[in-house]
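By convention in this document, chain letters (A, B, ...) are assigned in the order of the sequence lines, proteins followed by strands, and residues within each chain are numbered from 1.
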Number of protein chains: 2
Amino acid sequence: MADGRQAMYRKVAAELRQGISDGAYGSGGRLPAESALAQTYGVSRGTIRQALALLRADGLVTSRRGTRRVVLGTARVQTFSETVSFTRWARSLGEEPGGRVVDVVRRAAEPVEREKLRLAEGDEVCLVLRVRTLSAVPVMVERSVYPRHIGEIVAGLDPAAVSHTVPLEEHGVRFTDVHHTIDLTYADADDAALLDCRVGDALLRERRRSTDPTGTPVEWSEDRYLPGTVAFTVHNSSAAAALSRRTAS
Amino acid sequence: MADGRQAMYRKVAAELRQGISDGAYGSGGRLPAESALAQTYGVSRGTIRQALALLRADGLVTSRRGTRRVVLGTARVQTFSETVSFTRWARSLGEEPGGRVVDVVRRAAEPVEREKLRLAEGDEVCLVLRVRTLSAVPVMVERSVYPRHIGEIVAGLDPAAVSHTVPLEEHGVRFTDVHHTIDLTYADADDAALLDCRVGDALLRERRRSTDPTGTPVEWSEDRYLPGTVAFTVHNSSAAAALSRRTAS
DNA sequence: CAGTGGTCTAGACCACTCC
DNA sequence: GAGTGGTCTAGACCACTGT
C-alpha cells in the first residue's frame, strides 16, 4: 500500500510556500531562522532544512551562511506533474486543453529509437502523432515514441481522450525523471497542415525522454510549438544546476 | 577567510560522478547501498545521502525506497559556473569564445528594468550590447542591463575582454541564482547586421535574471542565438522540478 | 560578539522491493 | 524476511554575517 500521508517536511514546505506567495515575508524579505521554524512547527532542525531545500531548488529563497534566508520571488512554481502533462499544465492555467490523435504507427524500432528507449534489435515501438490545442486553437504538434508494452495501452485509448498521461498512470505507468532539450526547428508539411502555418516557419522545439521509477525509458517525444504560445523557464543556482547549454548536433 | 576545503559530501559526490562516467556501474546498473558507501568512505550515512542528492538533481541516478539507486545516464553535467558564463561554457567544450562590445549606454532605468533589477525611480542602468562568437563565427547577440554600480565596472573593462563574468567576480560580484526564460523571437536590424542573417529570421532567445548571494538582482539579460548553434537541456524529476512551461505573455 | 546557516554524526523507525 | 532508501531526531562543531 502506498503511503497516503505526506512527509512532514513537505507539509512544512507547503506552508512556507503559501506564506511566501501571500507576501508574509515580502519580496527581498527574510525568513525566520531555522531554529525558530523548528520550534514553530515542533520538528527538528533537520526536517526544517529538508523543507527549505525544496524552496531553494524552486528558486524561492536564497541561503548562505551567517544570515537568514532571503525571499527571491513569490511566483507560483509548477509541480513536476504539471511539467510532464500538457493537459494538467493547461488546466492549472485555467485554459481548456484539447487535441486529437492524427496517426498511430507500430513498427520495428530504428537505431535512434532503440538507443533512446534502450531497446534490443527487432523490438517494436509505437509512434503517435497528435495535435494539441488551447481553447480550441492549435498550439503544438507532438510526436511520441513508446516501447511496445506502453504503446499497447496508448493505442487502446479513446481517440478523443484529451490526456494520455493520466490514463497511463492509471495503468501503473509512472513518469519520475524527464530530460528535456529545447531548441528551434522548422515546420514540415505535417506541422504546417496541423498548426495552420507555412512549411519552413520556425517552431520552438522540446524533445523529452522520460523514465519510470526503475530507470527504464518509457517515452521519447518531440513537441513543436507555434511561436508566441509558450516559453520555458528554469531556475538555476550554485546549489543545484539543472540547466545546460549545448551546441546543436 | 573563505573555507578553502571542500565539504566531504562534495568530494564523495565527485568520486561517484567519476565512477559513473567511467562506467564503473554501467548504464542502468546499480550503485552500492548507502550503508556500504558510508563504510567505504568512512563517513556517516547522512553525508552519503547529501552526496547522492547532488547526483539525483543532476539526473545521473534515480532513487526509490526498497531498491538500490539506478544509474540513469553517464553524460557529463555542466557546472553552474559554465551555465552562467558563455566564455567558460565555450572553453569547457574546447571551443574558442570571442566577441566584441558593440554599444554601451547609461541612462535612467525604464519601468521594466526597475522591476527586474528592483531599482527605485530615477536610478541609472547601464546597457551593454555585445556580439559573441565561437571560433570567430558569430552565434549570439547579448543585451545586458546592469544596475549602476555594476555597470561602472563593466564600462571600465577592456573592450577586447572576452569574458565579463570573470572580471566581475574578481571585483567581488558573485552570481548565485539565475532564472531563465527560453522562447523564440525574430531578428531586428541590429541582430541581422551582427549575426549576418536577415531581418525577421527566427532566433532562439534566452532571457536571464541573475542575483547575488544577498538576493539582489545584478543583471538582466537577453541573448539571441542563431538557430542550429545551441540547444538548452534541463533535467527534471519528481524530487526536484526545475523546469516550467509558460504561456507567452 | 551573538546569531545564522553549513556540515557531520549516530541512531531510530518505517515503507517498500525483491526473493 | 532481509535489505534498501525515506524520514526524523538530538546533538555537535564550524564558517560566516552583522553589529
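Every side-chain contact (heavy atoms from CB on, under 4.5 Å) that Thr216(B) has, sequence neighbours left out, goes to Asp212(B), Thr214(B). Here Tyr146(A) pairs with nothing under the ring pair (Phe, Tyr, Trp, His ring centres under 6.0 Å) rule; sequence neighbours left out. Shown here are the side-chain contact (heavy atoms from CB on, under 4.5 Å) partners of Ala109(A), two or more places apart in sequence or in another chain: Glu113(A), Arg114(A), Leu119(A), Val125(A). In this structure, the salt bridge (Lys or Arg N to Asp or Glu O under 4.0 Å) partners of Arg207(B), at least two apart in sequence or on a different chain, are Asp183(B). Residues satisfying the side-chain contact (heavy atoms from CB on, under 4.5 Å) criterion with Arg88(A), sequence neighbours excluded, are Ser81(A), Ser85(A), Thr165(A), Val166(A), Glu169(A). Partners of Ser21(B) by side-chain contact (heavy atoms from CB on, under 4.5 Å), not counting sequence neighbours, listed by chain and number: Gln18(B).
Contact annotation: Arg65(B) side-chain N/O to dC18(C) OP1/OP2 distance is not under 4.0 Å. The side chain of Tyr9(B) contributes an N or O atom lying less than 4.0 Å from OP1 or OP2 of dT7(C). The side chain of Ser63(B) contributes an N or O atom lying less than 4.0 Å from OP1 or OP2 of dG6(D). For dT17(D), the OP1/OP2 oxygens have no side-chain nitrogen or oxygen of Thr67(A) closer than 4.0 Å.
Among the protein residues, Arg49(A) comes within range of the nucleic acid bases, having at least one heavy atom under 4.0 Å from a base atom.
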Without placing hydrogens or testing angles, list every side-chain donor-acceptor pair under 3.5 Å for residues 7-16 of chain B, not counting sequence neighbours.
none

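In this entry the distance linking CZ of Arg56(A) with P of dT4(C) reads 19 Å, nearest Å. The nearest whole Å value for the distance from the CZ atom in Arg68(A) to the C1' atom in dA2(C) is 13 Å. The nearest whole Å value for the distance from the CZ atom in Arg64(A) to the P atom in dT7(C) is 14 Å. Spacing between atom CZ of Arg174(A) and atom C1' of dC16(C) amounts to 11 Å, rounded to whole angstrom units. Atom CD of Gln50(B) is separated from atom P of dT7(D) by 15 Å (rounded to the nearest Å). Between Ile48(B) atom CD1 and dG5(D) atom P there is a gap of 11 Å when expressed in whole angstrom units. One can place CD of Gln39(B) at 12 Å from P of dA10(C), the figure rounded to the nearest angstrom.
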Can you pull every protein N or O that's under 3.5 Å from an N or O on nucleotides 11-13 of chain C?
| from | atom 1 | to | atom 2 | distance (Å) |
| --- | --- | --- | --- | --- |
| dA12(C) | N6 | Arg45(B) | NH1 | 3.3 |

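With hydrogens and angles left out, the side-chain atoms of Asp177(B) and His235(A) include a donor and acceptor closer than 3.5 Å.
Among the nucleotides dG5(D), dG18(D), dG6(C), the one closest to any side-chain atom of Arg69(A) is dG6(C).
Using a distance-only test at 3.5 Å, with no hydrogens or angles considered, no donor-acceptor pair links the side chain of Glu152(A) to the main chain of His149(A).
Along DNA chain C, the nucleotide closest to Val43(B) and the one closest to Gly66(A) are compared, and the more 5′ of them pairs with Gly66(A).
Near-neighbour residues of DNA chain D inside residues 28-37 of chain A, defined by a heavy atom below 4.0 Å, are absent.
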